[in-house]
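Index from 1, following the sequence. Whatever order the structure lists ligands and atoms in, that order sets their numbers, starting from 1.
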Amino acid sequence: MMIDYHAAVRGALFDIRDVCDSADEIARQARYLDDGLLFIRDGRIAARMSWQEGEQYLDPQKGYTDLRGHILLPGFVDAHIHYPQTEMIGAFGEQLLEWLSTYTFPVESQFADPAYAAEIAQFFIDQLLSHGTTTAMVFCTLHPESVNALLTEALKRDMRLIAGKVMMDRHAPDYLTETAEQSYRQTRELIQRWQHQGRLGYAITPRFAPTSTPELLDAVRRLREEFPDTWLQTHLSENPNEVAWVNDLWPEHARYLDVYHHYQLTGERSVFAHGIHLHADEWQCLHDTGSAVAFCPTSNLFLGSGLFRLPACWRHKVRMGIGTDVGAGTTFSMLRTLGEAYKVGQLQSYRLRASEAFYHATLGGAHALRLDDKIGNFAVGKEADFIAIDPAVTPLQRLRVERCKDVYETLFVLMTLGDERNIRETWINGQRAWAASATPVG
Ligand code: GUN
Ligand code: ZN
């Protein structure tokens, strides 16, 4: 037998075989090769083997990338993030609604300027790669220029990224308000320009119910009908004052999610950020429509929004991904985000095991975004988006990791002590796109 490949990478391999329905199933589906070999052809996984089994297929002319001492993981999937908010991480003192009006809207107003948008877009994509995130679902701003800047950069890096222009036509400052008709037209043009360019996807992006008139949500409904393979992203039930405001604004609908459901915004490829204060009926509707939620622990803690109920999410079998939600979220690091998710679990007596946490950050996130046929693990045929993690880059990490009894303990310690310093290489579509202590490659 011969394996036709353009790159081979040696290292410890950890991934989850298949999409799972429970944390126990994840633990059973997790697989680990202490000394493994990935063969990559045309950007995809051509074979995954132990070193012992795979060594014979290596072509001495081609050689291989030796990452022994590192754990290779599928690239992280960030299910919810705002690129224009990169510069405002750590804005003091406010909860959601005041945080938006005091800090967020003024920052977002700058993205009408394409040069500014391009500068931040480049910085943002570099941050994703250096933190090991290979796929993200991203909010831009109201301005089409902000989408063009981000997706131009993501296309250059060959990333599987989904993004969209924020739509809002009320309860925002004049400088950030549009009409429903204008929002419809601009979004339509952006979909036609970007959907399926390279590995990109377009997400129709109404900011949330309070900044939407019925006309705007109806325009979103029409766009979904015209472009059924696009994604949709918005916010849902994040903060108690926000939920009360939605109830005031939309008295004809019993609950927050009913507003979106009425305009057919629920469904496959719909991703609702937060979902903290949901009623059982809303969980059921998310399940029935095949919608997904994004759990954003650092944001939920930073804005004091509340605790995401992971057990309820499992019980109702709702698809879920992890979001950093920068800039309400406080880090690009999925490792740190998983550490905070664990603490949110602890406050509800839920034990988030490492296998489950890394599932949500990889294959589970891909499943939430309906990309699990393309990314999320090392299955043969999947796109080769992966990262190399050095589990011990500080004296404390070395002391602690040396005492770990298996890879699960090491991964758990990485959730607790790890961050972007542990990410050594990031590969996109079969090519090394970023390496530590070097400027971005390519
Ligand atoms: N709800 C509406 N807009 C936003 C936003 O930008 N960030 C967060 N965390 N929640 C929102
Ligand atoms: Zn958000």
Side-chain angles (χ1 to χ4, degrees), residues 78-111 120 124 136-143 146 150 162-173 176-177 203-212 216-217 220 231-246 249 256-257 259-260 265 270-278 292-308 320-332 337 340 344 365 368-369:
D78 190 332
H80 182 76
I81 186 165
H82 299 250
Y83 99 84
Q85 296 175 13
T86 302
E87 67 191 68
M88 54 166 289
I89 291 180
F92 174 76
E94 305 296 348
Q95 295 211 347
L96 176 64
L97 299 175
E98 296 73 26
W99 175 86
L100 282 172
S101 53
T102 311
Y103 298 113
T104 315
F105 292 151
V107 165
E108 291 195 5
S109 72
Q110 305 169 97
F111 288 73
I120 301 294
F124 172 83
M137 194 169 198
V138 189
F139 267 61
C140 302
T141 65
L142 193 80
H143 317 95
S146 72
L150 181 72
I162 300 168
K165 170 196 129 56
V166 165
M167 306 169 77
M168 50 182 172
D169 69 341
R170 65 167 160 171
H171 299 138
L176 272 189
T177 308
I204 303 169
T205 308
R207 180 166 216 123
F208 66 156
T211 50
S212 309
L216 187 92
L217 294 188
V220 175
W231 282 259
L232 180 137
Q233 58 181 345
T234 188
H235 297 92
L236 169 68
S237 205
E238 175 178 4
N239 167 289
N241 292 338
E242 172 211 15
V243 176
W245 195 17
V246 171
L249 289 170
Y256 195 156
L257 184 60
V259 177
Y260 296 141
L265 274 53
S270 289
V271 179
F272 296 94
H274 308 301
I276 292 173
H277 309 283
L278 295 178
V293 290
F295 169 22
C296 309
T298 74
S299 166
N300 299 161
L301 296 171
F302 183 75
L303 290 183
S305 302
L307 304 177
F308 179 79
M320 191 275 273
I322 305 275
T324 58
D325 195 25
V326 163
T330 53
T331 179
F332 279 81
T337 304
E340 297 308 289
V344 168
L369 270 46

Query raised in the report: Stepwise, does the side-chain contact (heavy atoms from CB on, under 4.5 Å) test hold for Q233 with I204?
Result: CA-CA 6 Å; Q233 58 181 345; I204 303 169; over 6 Å; no
Examine distances only and state if a side-chain atom of [X] and a backbone atom of [Y] form a donor-acceptor pair shorter than 3.5 Å.
{"X": "H274", "Y": "A294", "value": "no"}
{"X": "T234", "Y": "P206", "value": "yes"}
{"X": "T177", "Y": "R170", "value": "no"}

Requested in this report: Work out which heavy atom in P84 is nearest to a heavy atom in E108; give both atom names and the distance.
Outcome: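 For P84 and E108, the tightest heavy-atom pair comes out as CB-CG, 4.4 Å.
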Report task. Consider only side-chain N and O atoms of S305 and N300, and report whether a donor and an acceptor are under 3.5 Å apart. Result ->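 No donor-acceptor contact under 3.5 Å links the two side chains.
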Query raised in the report: When you look for protein heavy atoms under 4.0 Å from ligand 1, which residues do they belong to?
Result: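 Residues H82, Q85, L96, W99, L100, R207, F208, H235, E238, H274, D325, A328 each place a heavy atom under 4.0 Å from ligand 1, listed by chain and number.
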Query - the Zn ion (ligand 2) contact by H82, N, O or S atom under 2.8 Å - result: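 Short answer: yes, at least one N, O or S atom is under the cut-off.
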Query raised in the report: Can you tell me if an N/O/S atom from C296 lies under 2.8 Å from the Zn ion (ligand 2)?
Result: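 Of the N, O and S atoms in C296, none lies under 2.8 Å from the Zn ion (ligand 2), which means no.
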Query raised in the report: Where do Y260 and F272 land on the ring pair (Phe, Tyr, Trp, His ring centres under 6.0 Å) test, with the steps shown first?
Result: CA-CA 10 Å; Y260 296 141; F272 296 94; 5.6 Å; yes
Query raised in the report: Where the Zn ion (ligand 2) is the corner point, what angle links NE2 of H235 with OD1 of D325, to 10°?
Result: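 Vertex the Zn ion (ligand 2), arms to NE2 of H235 and OD1 of D325: 170°.
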Query - Atom name in H80, limited to N/O/S, at shortest distance from the Zn ion (ligand 2) - result: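 Nearest N/O/S atom: NE2.
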Query - Ring centre gap for F139 and H235 strictly below 6.0 Å - result: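 Yes.
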